[in-house]
Amino acid sequence: MATLQEVLQQTVREGELYDKLERGFVRCYACGHCCRIPDGQLGVCKVRYNEGGKLLVPWGYVASAQCDPIEKKPFYHAYPGALAYSFGMLGCDLHCGYCQNWVTSQALRDPSAVSPPVRVTPEELVREAVQQGAKVVVSTYNEPLITSEWAVAVFKEAREAGLATGYVSNGNGTPQVLEYLRPWVDLYKLDLKTFEDRHYRQLGGRMQPILETIRRLHEMGYWVEIVTLIVPGFNDSDDELKRMAAFIASVSPDIPWHVTAFHKDYKMTEPENTSSQTLVRAASIGKAAGLRFVYAGNMPGRTGELENTYCPNCHELLVERVGFHVVEYRLTSRGSCPGCGGAIPGRWAADFQGQIADFPYLPRFQKFDRLRAFRR
Ligand code: SF4
């Protein structure tokens, strides 16, 4: 019986984000590691590899697909109430001990992570997204940067069908991958996990590529929202939160910052779960730094008004939320405040058409063929 790696290597194609180097080496630019890979070897992500001087990359399958409310991604300033058809492959370039998607992201590193891949085409995925009533198609669950060629293939179909597109990413990007994605990706949610380089190194990355990616995404016109999972004892000091918030505000005070609650998951079971008081404190630090839209997540109904969107000029309530549920939507058809008329940054639909679902559910594609059985 084949291993997972062998099974995945049956569903690849030549990548587009790489250079050929001397002596059969290749340089991959899909993520901030920029691996220099000799013939016959894998990149750090374990899903892109050099075979005969060519970089081969994942293609033609998903390991997970789900219909999510867009609020779950989370995007709060992009089509509130929309259904986000979400898909993911396998693998990640980082290895965070608290990953909430570890079953897909760590499948190549951890034998206890099992999420069998399903063969599918971009056309099939998008057809199903349309049938479900989705307005947005999102690459998520694993790190989408490392599977960017596949995401672009799906997004080209999505655009043809009139859908918007998004990435839910750790933000470990490169100038090359951001240029490659720019024509096809509308919305980009990324994590700012810490403001300490040594902590990023514990997670398998470096801080500088993430900060540069945030600046570039904003300059290039992607719609950007940032999430910080607040982990007690890891990144919750006032000093670190102030430095994070000041950095985001220096890029743009209009970037929404979501401070969300950690709960014990995967290998990180030591810290206590984040309290609502800690989220409220983090949000206050964000606002004091000049950020105009700060939200608290993962604690529905327990952080006062921090799930809602207010006009930063006149404080009119614009979108009221409880968890993923949109209770009220009051933006005008032009995406402005009905009180003072001020434009609200984001990507807004001309009108709010309610929510198909305020909870995640599985679409039908799960009936498609699984790739053949594998051993760990
Ligand atoms: S995606 Fe990142 S980790 Fe994977 S091969 Fe490319 S540069 Fe290396």
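Atoms within a ligand are numbered from 1 in the order they appear, just like the ligands themselves. If you're wondering where the values come from, they're calculated on a predicted model, not measured in any experiment.
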Least distance between heavy atoms, Lys73 atom then Asp68 atom: NZ-OD2, 2.6 Å

Is it true that Arg27 and Asp19 make a salt bridge, defined as a side-chain N closer than 4.0 Å to a carboxylate O? no

Leaving out waters, which are not shown anyway, how many protein N, O or S atoms lie closer than 2.8 Å to atom 2 (Fe) of ligand 1? 1

Using a 6.0 Å cut-off, check whether atom NZ of Lys46 has over 12 heavy atoms from anything other than its own residue. no

With heavy-atom distances below 4.5 Å as the criterion, would you say the side chains of Val130 and Tyr85 are in contact? no

So, Tyr295 versus His258, ring centres under 6.0 angstrom or not? yes

Does any pair with a residue in residues 137-158 pass salt bridge (Lys or Arg N to Asp or Glu O under 4.0 Å), and if so which ones, sequence neighbours excluded? Arg48-Glu149

